[in-house]
Structures are given as structure tokens and as C-alpha cells.
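Read through the structure below, which is laid out as C-alpha cells, and then see the notes.
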Amino acid sequence: MQSTKQTIRIYNSLSGKKEEFKPLNEEHIGMYVCGPTVYSNVHLGNVRTFMSFDMIFRYFKHLGYKVRYVRNITDAGHLENDADEGEDRIAKKARLEQIEPMEVVQKYTVDFHNILNKFNFLPPSIEPTATGHIIEQIEIVKDILDKGLAYEINGSVYFDVVKFNETNNYGKLSGRNIEDMIANTRELNAQSDKKNPQDFALWKKAEPKHIMRWPSPWGDGFPGWHLECTAMSTKYLGEQFDIHGGGMDLKFPHHECEIAQAEASYGHTPVRYWMHANMLTLNGKKMAKSTGNNILPTEIFTGDNEHLSKAFSPSVARFFMLQAHYRSILDFSNDAILAAEKGYNRLMDGIGLISFLKTSPTSSLDITKWKQQCYDAMNDDFNTPILIAHLFEGVKYINLIKDGKESISEADLEMLSTTMTELTFDVLGLENKSASSSSGEDKLGGVVDLLIQLRAEARLNKDFATSDKIRNELTELGIELKDGKDGTTFSIN
RNA sequence: GGCGUCAUGGCCGAGUGGCUAGGCGGAGCUCUGCAAAAGCUUUUACAGCGGUUCGAAUCCGCUUGACGCCUCCA
């Protein structure tokens, strides 16, 4: 753990600027991140957002903060659009797969956890579900009704955005103003109950066929999409907390509505630092479940996708994504992840060499300065690409020391080693997956080692015909031999 | 149509008013029976046009292009 006090600057979407981060309580940080709606498999774009916050969670913990990280599961069905039509997406999936809505939820929640585990995610401190907090949500609806900022029509309750805007600023997060929105709204459907198109549902009446339903003062229904996050963040983090995160596409309307709900109910703004992770694109376009323009994590692991030439380990995919800043759009391509894989291997090889380095009485390198540069990168709005650049600098140091071109003292080597490993594994959350684990691969490894031995003997006898035959035949099979100073290793392509 | 973001070298991708990002690829060298691997060194940039400035790729304006939100979305 890093005990030195670090000053962190965070880009706050609310102000549009980087601000010095000061938690409400000195040692504790409260962070809420909007989780997935579990009606289908998470794609790689979803993973990127959660990975950004996993990295941020890890860094805070590494610095010694006590972090309560809440990431919800949206398991209540919400409508396909914000007008009054559209099917509940979970119900739709249940109908298509001919299972219960709660089976849909269970299936994809399990999938979500499995995938995140493969990517070496830390579990959040609390992972609450929307359906587990219906009572809390109903209480908020009642409260907002009491304050006169919502209205009930035909068993549904809507937030009165226009009225709210008279005393508050609706749109401050996404940089909109309500006059523009009214001027630009398309015609409202005739059957809508809303007074204004900008109003959003706090509670929706359930039609008779709607399976996911709960009793409420306004009849059987289900909560509006934006409400669950207000209920759960308040319950576990308080009426005001430090960080609220999510994907860029949630900024409007979702986060805007969260702010409105909390301000209406509690009378003050709920979040100090709003953070938004940018999109992962494929072919230059946002990954989206609805358009089919996406890659599933499983396809990365197997290579079974038209965009991929081979399989990639979760750690390589993680490295690929962390090589871009979380607020930048990142385009996924085979070439880009292929390049990332080579870089990742270089980083891992470098770290693997640390324990073999010999120390000297003095250092020819300024390790203290290098270390601070690593932390400066993270402190500047979690700039992982810069951190990785410094880690590669560290790899260069390691190689130069190994070749005797630079020297390092025992204390500096300790610092180099600790910094490299902690930042790579604890903060970035990478794993060194070079060691093969399955028994089949172990046996193959034994066989290849035997061939390597035979080849070494042939080379010793200057029987290059035999040694080259072994090497070439193995290459044909996709096994590459690598001759090094300390013997031969191999890799399977 | 409204609001917003971004345009960087062969590719990916940071950053900044004047001083090296980094990775991949390319080139050279070391190592090697040869080759590969590995390591070291090295290479080029800031969409276009104006403006501000001693100086701009970095600030301002315009143009072009791409993307995102405005409907569920990470």
C-alpha cells in the first residue's frame, strides 16, 4: 500500500473541469456506479466502463482509502422508450426465451459476474438490485409528490420537470436548458399521460399482462428507470456522496434525472464529482446491443469473431483498454489489440526479470523520481496511458541494469520492484497469465521440453540438420522456439 | 434540427503555449552455427484556412470531417 499523501485531480462532468479531489470524510470515499441492465450478455463496451471504475476503485484502495463502492444491478424491467409504449426489455427477453423474467435476470447476472471475474475485477462493496429496493423507491415517489414536484395520472407518477426547473436547474449536467428542449421536442404521442414531454416516470402503472409488478399507493406498477439509483445510492452512501460514475451515454437523461430526483427530495445536490467513462467503438461506431455492432468478451477469449484473427487473454484485453484514457473514445480493432498484446508481453517479461537483477552500492538511475512520475500520472485524472508509458520506462531500466549498462542500489531495486508490481497488478489489475495451467498444456510442455533437449544435444554435436528440422517442424505446428542466453523457451501461437 | 466531443507520425494512443510520451511496425546494432526470439539505439506528427503571441500542434475564429446525446443503452 502506498502511504504517501497524493493529491488527486478528477475531471468533474458537472463543472467540465479537473478539480482537486477532496472526499467528504477524510479517510472514506463513497462511490456509486450505474451497473448493467441484465437482459442480455455484457459486451466489451460495457466491460470498458466498469473496468475504468474498477481501476479507480483499485487506485483509491491502493492509496489507503476506505472505499465503499456501490454498483447496482438493474433487474427491474424498464420500457424500451420513455413514451408510454414499448415493451419491458426483460419481459421481452423472457417471452422470447420462454422463461420467467427473474430467470432472465438470474442468467445474465451470473454471466456478468463470470465475465468480470475473468477480467480480474474486484467485487464492489455492495451490489444492490433494483427489485430489492422497491419500498425505498416508493418512499421517494411519495416524498416528491408531497413536495409538489410530481403528479399522478392513471396509476402512474411523473416528475414535473418544468415545475422543478422553476426553482432548480434541470440540465446542468448535460449542458441543456429546458427552453431548448421544449423547442426541439417532437410531438408527444396522443396517448401519453405526461403533462410535458420532458417529464419522466417515477412510477409506471403495470398493464394486466405485465409480470414484474409491485403494489403501491397508486396501484400495481413498477418503478421508473432513474429512481433505483437515487434510492440505492442514498441508502448506502447517504444523501450526498463523493463520486458517481457511469457510461457517457447515461449522462442524459439518466443522470440528469437522478440529480433532479435527489434535489427534489432532499433539497440539495447528491453528488460531488460526476465521472463519465467514454465509449468503446467498433468500426468507429459505438458498440450497442441493439444494432449488433459489438464484440462479446467470450469472443475475445476464443477468437471466434469475424473481427478477430486470434484469441486474446482477458489480461491483454484489459491492457488494451487501459492504454487509452477512460474519457477518450477507444476504437477496437484486431491490429490495435495485436499491438497491445506484444506490449503486454514485454511488460510482463520485464517484471519477470526484476528478481534476477544484481545490486550495486549506488544507483545510476533516479528511481524515486520515476516512481513519483508514475503516481503523478494516476493523480492526474487516472491517466493510465501515461502510467503505462512510465512502466515501460521501468522495463527499459530493468533491461539496462540486467545488461550492466546501468546500476541500482538495493533500496532502489526494492522501490522499483514494489512500484512496478503494485501498479501493474494491484492498480491496473493485470495478471501474468504466461504460466499455463491446464494439464493438457503441461503435457505438451513436457513434450516440447524434450524436443528442446534433443535439439540442444544436436546443436552441441554440430548436427544442425537435425536441430533445424526440430525447430522448423515445431514452427509448422505453431510452436515457436526462442533461444536465449540461459537456454531455450517456447511459445504456442 | 438542437447540444456536445474529437481531429496527432505507417498503425494504436498520451500530452502540452517554447524542452523525449509510450506501445506496435520500420531501420541499425548486440547476441547467435544460421535464423527467430530478446535487448539496446533510432525514425517521423499534430485536419485545412485565418487570427492572438517573441513563439502555437497547444489559445481564439471559420471551414471540412467523424463521433456521441437529444428514444433503451456502459
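Naming: A, B, ... by sequence-line order, numbering from 1 per chain. Remember, predicted model here, so these are calculated numbers, not experimental data.
Between the side chains of E431(A) and S315(A), no donor-acceptor pair is found at a separation under 3.5 Å. E256(A) and H226(A) share no side-chain donor-acceptor pair at under 3.5 Å.
Both tests do not hold together for R213(A) against F222(A): distance to the six-membered ring centre under 6.0 Å, angle to the ring axis within 45°. For the pair R71(A) and Y32(A), the cation does not sit on the ring face, since its NZ or CZ is not both under 6.0 Å from the ring centre and inside 45° of the axis.
Side-chain nitrogen and oxygen atoms of R327(A) include none within less than 4.0 Å of the OP1 or OP2 phosphate oxygen of C6(B). Phosphate contact (OP1/OP2 of G4(B), side-chain N/O of S174(A), threshold under 4.0 Å): absent. For the OP1/OP2 pair of G4(B) and a distance below 4.0 Å, the side-chain nitrogens and oxygens of K251(A) include no atom meeting the criterion. Proximity of K342(A) to the phosphate of G25(B): a side-chain N or O atom is located under 4.0 Å from OP1 or OP2.
Using P as the reference atom, C54(B) and G2(B) are 38 Å apart when rounded to the nearest Å. For the P atoms, the distance linking U20(B) with U43(B) amounts to 12 Å, nearest Å. On the P atoms, A57(B) is 14 Å away from G17(B), given to the nearest whole Å. To the nearest whole angstrom, the two P atoms, one in G48(B) and one in U8(B), are 10 Å apart. When the P atom is used for both G15(B) and A7(B), the distance is 10 Å, rounded to whole Å. Taking atom P in both C19(B) and G1(B), one finds a spacing of 40 Å when rounded to whole Å. For the C1' atom pair drawn from A74(B) and C29(B), the interatomic distance equals 47 Å after rounding to whole Å. For the P atoms, the distance linking G10(B) with G26(B) amounts to 15 Å, nearest Å.
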Kindly list each side-chain donor-acceptor pair under 3.5 angstrom involving residues 384-405 of chain A, sequence neighbours excluded, with atom names and distances?
| from | atom 1 | to | atom 2 | distance (Å) |
| --- | --- | --- | --- | --- |
| T384(A) | OG1 | L322(A) | O | 2.7 |
| N399(A) | ND2 | V395(A) | O | 3.3 |

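A salt bridge is absent between K469(A) and D463(A): the closest approach of a Lys/Arg side-chain nitrogen to an acidic carboxylate oxygen does not fall below 4.0 angstrom. Remark: K310(A) engages E341(A) in a salt bridge, criterion side-chain N to carboxylate O under 4.0 Å. We find that D54(A) and R48(A) are not joined by a salt bridge, their nearest charged nitrogen and carboxylate oxygen being 4.0 Å or further apart.
The side-chain hydrogen bond (donor to acceptor under 3.5 Å, both in side chains) search around Q261(A) returns T230(A), not counting sequence neighbours. Residues passing the salt bridge (Lys or Arg N to Asp or Glu O under 4.0 Å) test with D75(A): none are found, sequence neighbours excluded. The salt bridge (Lys or Arg N to Asp or Glu O under 4.0 Å) test applied to D111(A) returns no partner, not counting sequence neighbours. Applying the side-chain hydrogen bond (donor to acceptor under 3.5 Å, both in side chains) criterion to R327(A), with sequence neighbours excluded, gives D381(A). For K286(A), the salt bridge (Lys or Arg N to Asp or Glu O under 4.0 Å) partners are D249(A), not counting sequence neighbours. Scanning for side-chain hydrogen bond (donor to acceptor under 3.5 Å, both in side chains) contacts around T109(A) gives an empty result, with sequence neighbours left out. With sequence neighbours excluded, the residues satisfying salt bridge (Lys or Arg N to Asp or Glu O under 4.0 Å) with K107(A) are E97(A).
Contact annotation for A277(A): no contact, since no heavy-atom pair falls under 4.0 Å across all strands. Looking at heavy-atom distances under 4.0 Å, L338(A) makes no contact with the nucleic acid at all. Note on K396(A): only backbone sugar-phosphate atoms sit closer than 4.0 angstrom, heavy atoms only; bases stay farther off. Residue contacts for G175(A): at a heavy-atom cut-off of 4.0 Å it reaches the sugar-phosphate backbone alone, with no base atom in range. L391(A) comes within 4.0 angstrom of nothing in the nucleic acid, heavy atoms only. H43(A) comes within 4.0 angstrom of a nucleotide base, judged by non-hydrogen atoms across all strands.
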*So what is the 5' to 3' dot-bracket string for RNA chain B, if pairs are Watson-Crick or G-U wobble with both distances under 3.5 Å, crossing pairs use [ ] and | means the partner sits on another strand?*
(((((((..(((.....[...))).(((((.......)))))....(((((..]....))))))))))))....

For nucleotides 66-69 of chain B, tabulate all protein N/O to nucleotide N/O atom pairs closer than 3.5 Å, reporting atom names and distance.
| from | atom 1 | to | atom 2 | distance (Å) |
| --- | --- | --- | --- | --- |
| C67(B) | OP1 | K285(A) | NZ | 3.4 |
| G68(B) | OP1 | K286(A) | N | 3.2 |
| C69(B) | OP1 | K286(A) | NZ | 2.2 |
| C69(B) | O2' | R176(A) | NH2 | 3.0 |

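Near RNA chain B, defined here as any heavy-atom distance below 4.0 Å, the residues from residues 378-388 of chain A are N383(A), P385(A), I386(A), listed numerically.
The CG-C1' distance, from N334(A) to C24(B), rounds to 13 Å in whole Å.
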*Annotated protein contacts, base or backbone, on nucleotides 27-37 of chain B with a non-hydrogen cut-off under 4.0 Å, one of B, S, - each*: ------BBBBB

